[in-house]
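Below is one structure, written out as structure tokens, with a few remarks after it.
Letters A, B, ... mirror the listed sequences (proteins, then strands); counts begin at 1.
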Amino acid sequence: MSEQRQSTATSPPSAADAPAHRYTAALAQEIELRWQDRWDAEHTFETPNPSGRLGDPELAAARGEKLFVLDMFPYPSGAGLHVGHPLGFIGTDVYSRFKRMTGHNVLYSMGFDAFGLPAEQFAVQTGQHPKIMTDQNVATMRRQLRRLGLSHDPRRSVATTDPAYYRWTQWIFNQIFGAWYDTDLDRARPIDELIAELESGARPTPDGRAWAELTDAERRDVIDSRRLAVVGNAPVNWCPGLGTVVANEEVTADGRSDRGNFPVFKRNMRQWVMRITAYADRLIDDLDTLDWTDAIKTMQRNWIGRSHGAEVHFPSPAGEITVFTTRPDTLFGATFMVLSPEHPLVDALTTPEQSLAVAAYRRAAIIKKDIERQDEGREKTGVPTGLTAVNPVTGDDIPIWIADYVLMGYGTGAIMAVPCGDQRDFEFAGKYGLEIPAIQQPPDAWFAAHGIEPTLDTSRWPVAFIGDAPYVNSSNHDSGNDSLDLNGIDSVDEGVRLTNEWLEANGHGEATITYKLRDWLFSRQRYWGEPFPIVYDDDGRPHALPDAMLPVELPDTDSFSPRTFDADDEFSDPESPLDRLESWVNVELDLGDGLKRYRRDTNVMPQWAGSCWYELRYTDPTNDEAFVDPAVEAYWMGPRTDVRPDHPGGVDLYVGGVEHAVLHLLYARFWHKVLYDLGHLSSKEPYARLFNQGYILADAYKDEREIYIDAFDVEERDGAYYHDGRPVTREWGKMGKSLKNAVSPDEMYEAYGADTLRLYEMAMGPLDASRPWETRDVVGMYRFLQRLWRNLVDEQTGELRDDLPPLDDTTERMLHRTIDGVRTDMEAMRFNTAIAKLIELTNRATAVTADGTPRELA
RNA sequence: GCCCGGGUGGCGGAACUGGCAGACGCGGGGGGCUUAAACCCCCUUGUACGAACGUACGUACGAGUUCGAAUCUCGUCCCGGGCACCA
């Protein structure tokens, strides 16, 4: 290990008295820079569009079939690149070059996802406008990426913070605000079409009155409530420590903020919400048309969390209580009900005798954060409300409890408890002595597996039974209800089907589908983001600004921070930085009905907004009349039915890390589908093929205080690690600033040149695998390039060698095998094995031609 | 607990549809060049036994299918990732 650590400090192989024309880092650098200049001067990597501003139809046709290759664009961090960042970029560059050389018109560029927290926090600390830092960082990253030799079309680069870009982000927001979801046609439509249907009576108003009878305010309420982007009171995640609300996707499993790790509280607040849930089914179903890994598809499916089941209505003293269940067939076994402590009917269902206990339990449950709920080892707790509801199939009175294992945020916030068939209900019933009647006869093998004799006496069962087995005690022939008899049926599917029919026929419930996905909380109380293109009138109603008023530019200020609070101060209220800019907030505008006073929306959009559509802008980056020209979009993104019949269109190859599985990738698909529904796009999906590259990992070291220390100052002695003589512990993680183990590409350029670095990163292993960085291994690729160079160029004179003997038959055959193999490997993005084949060929050629004379071959 | 991946030399990895396990690179050993070293070049390098031709063993572990298994099936263990009181 000690050699390894020393060699991580960059020490180029000494070339002091090497031959004048050896392939050294200096020569590599000279060659690389010369070519990079030439590519710029000759516009080598500018890609023609089929039409429009960047259009050159003849050239586009001459280049061949189109191919859109995309990297997940980076956040322009101040720390600059480390060697882990460009892994995917190098892969897409190699692939793009290969495809260009084999007859494709390749769209390949790179933009910057430049809104976000780090630049804002830096601005708060220094008082300097975040734009200054952001622009600097973008310039630095552009320079670093150029030095890597990436073949981007520089004209197509975008930054989400550019008003010429976010003008269209705001325009798209207005499209979503100006749309509603037609569940009959299963697509979004312009809100004007809804208004027309309401006016004509083709669609009834919510309360059945004629449209003409509604007041203006009532009409606006009806319309605004149907929009795909809605501002209204909703339970949101309030993070006092950050001073802003955050999306569900940005809250960690233990109830803290993804950024900053502050506590997050559920609060009702007036915020922007996008109705991504309207698209839940399509977001799941269309995964089948995508060429993505099963892992990512599964993560999206799980996040959306579609469950088929039924809603069942239980009569109670406070009216009907509706529960959601995936097992309506177990209704005969429902012996009690459980409401979430936050359920709105709890007060109405609590008897005076129980009110103290219920109030105490509720208070405790609400104060408890999700973390603590889990920390208690899942021991179920709850209290009875004192009242009962009626099981609609048996007619029995069943007690109503509240318990915090039932979550308000899923289903209806209430369950029917079937203790014999649900492990949680089983434990709860066991603890509180509630009845557990058996309603299925489990197979003998189940009893054998649990080491007990078959019995229907559930007090002997160690766990609940879940699965297919004949129903027992599942008939209501004796009761007054229309009959339902499941006894003897041994299929859950059949039991569910019959029960659903019975529920619907008797008005006790209906089959339904529930999702875990929540609507997307879209506003943030921050500065460094896109302002909303929205103003409010005196009645507080939102109005979208017309296209001519876009962009709404972010106003200048020197106060960039939202008001933040003690991280645990749950009952604080958000205050956006834009709230303080009174002269910007209050405006007089003519929105078509004369000059009026309005207040601007003072929120900004979440960082995900800009990345929801950037690939579209790459295709037509200079268009100032539309976010993208339809013909250009159709060319680059249109469905490829030649690839598969149900091809949804989209980017041909999208490469990036797996960490965006449910955030960016879900949001971008949602926006894309809205734009498709509204007729702006020919593609149904943004990313037809997704490839998740691995990460570059590296050792990291912590001292006694559990603080990471610079990995390059650590010494190894006798298998232990020390820093300044003190012992430290070794860990393993993704290379980066936070682990203090980042290796800069600049060091690699200086020691070996960019081509060696590129070759090394591609040769380390398959692109989709994570792999540890070993600086000492880089030299192998350097030697390979040196050998290759020496085979072609005289190291003394710098002239091309003219003393090369003709290839012998064996080498000739190997050459052709290599051409074939490399081509196959490149097509499949197996760059590591392609490089190995090229090394083999070079080594063979070296053996044959070294010193100009063929060698004896083993 | 559930759902995905994965486990091959000292290290990163290769082996495409079941057909010579360990390509290629690093590191190690030996040699050449050099006053010497670095750089570079050549040979060698899975383990055990053997001076050597070689022989046996070997792809996490245990069974199985097959003429033949790193690869397919079943079970077990371990590692990584995601989700998790989701009714």
*asked:* Could you check whether the side chain of A:Lys837 and the base of B:C24 have a donor-acceptor pair of N or O atoms closer than 3.5 Å, going by distance alone?
replied: no
*Please determine, for B:G9, whether a Watson-Crick or G-U wobble partner exists with both distances under 3.5 Å, and give it or none.*
none
*Using distance alone, with no hydrogens and no angle criterion, decide if A:Tyr410 and A:Ser340 have a side-chain donor and acceptor under 3.5 Å apart.*
no
*asked:* I need the CZ-P distance between A:Arg830 and B:G25, as an integer number of Å.
replied: 19 Å
*Partners of A:Thr824 by side chain to side chain donor-acceptor pair (under 3.5 Å), sequence neighbours excluded?*
none
*On a whole-Å scale, what distance lies between the P atoms belonging to B:G5 and B:C72?*
12 Å
*Using side-chain contact (heavy atoms from CB on, under 4.5 Å) as the criterion, list what pairs up with A:Leu838, not counting sequence neighbours.*
A:Phe784, A:Thr818, A:Val822
*Any side-chain N or O of A:Arg518 under 4.0 Å from OP1/OP2 of B:C86?*
no
Tabulate atom names and distances for all N/O pairs under 3.5 angstrom spanning the protein and nucleotides 9-14 of chain B.
from	atom 1	to	atom 2	distance (Å)
B:G12	O2'	A:Met764	O	2.9
B:A14	OP1	A:Asn832	ND2	3.0

_Just to verify, what does A:Gln29 make a side chain to side chain donor-acceptor pair (under 3.5 Å) with, not counting sequence neighbours?_
A:Arg147
_Contact list please: residues 296-306 of chain A against RNA chain B, heavy atoms, distance less than 4.0 Å, in numerical order._
A:Thr298, A:Met299
*Where along residues 409-418 of chain A does a heavy atom fall under 4.0 Å from RNA chain B?*
A:Tyr410, A:Ile415
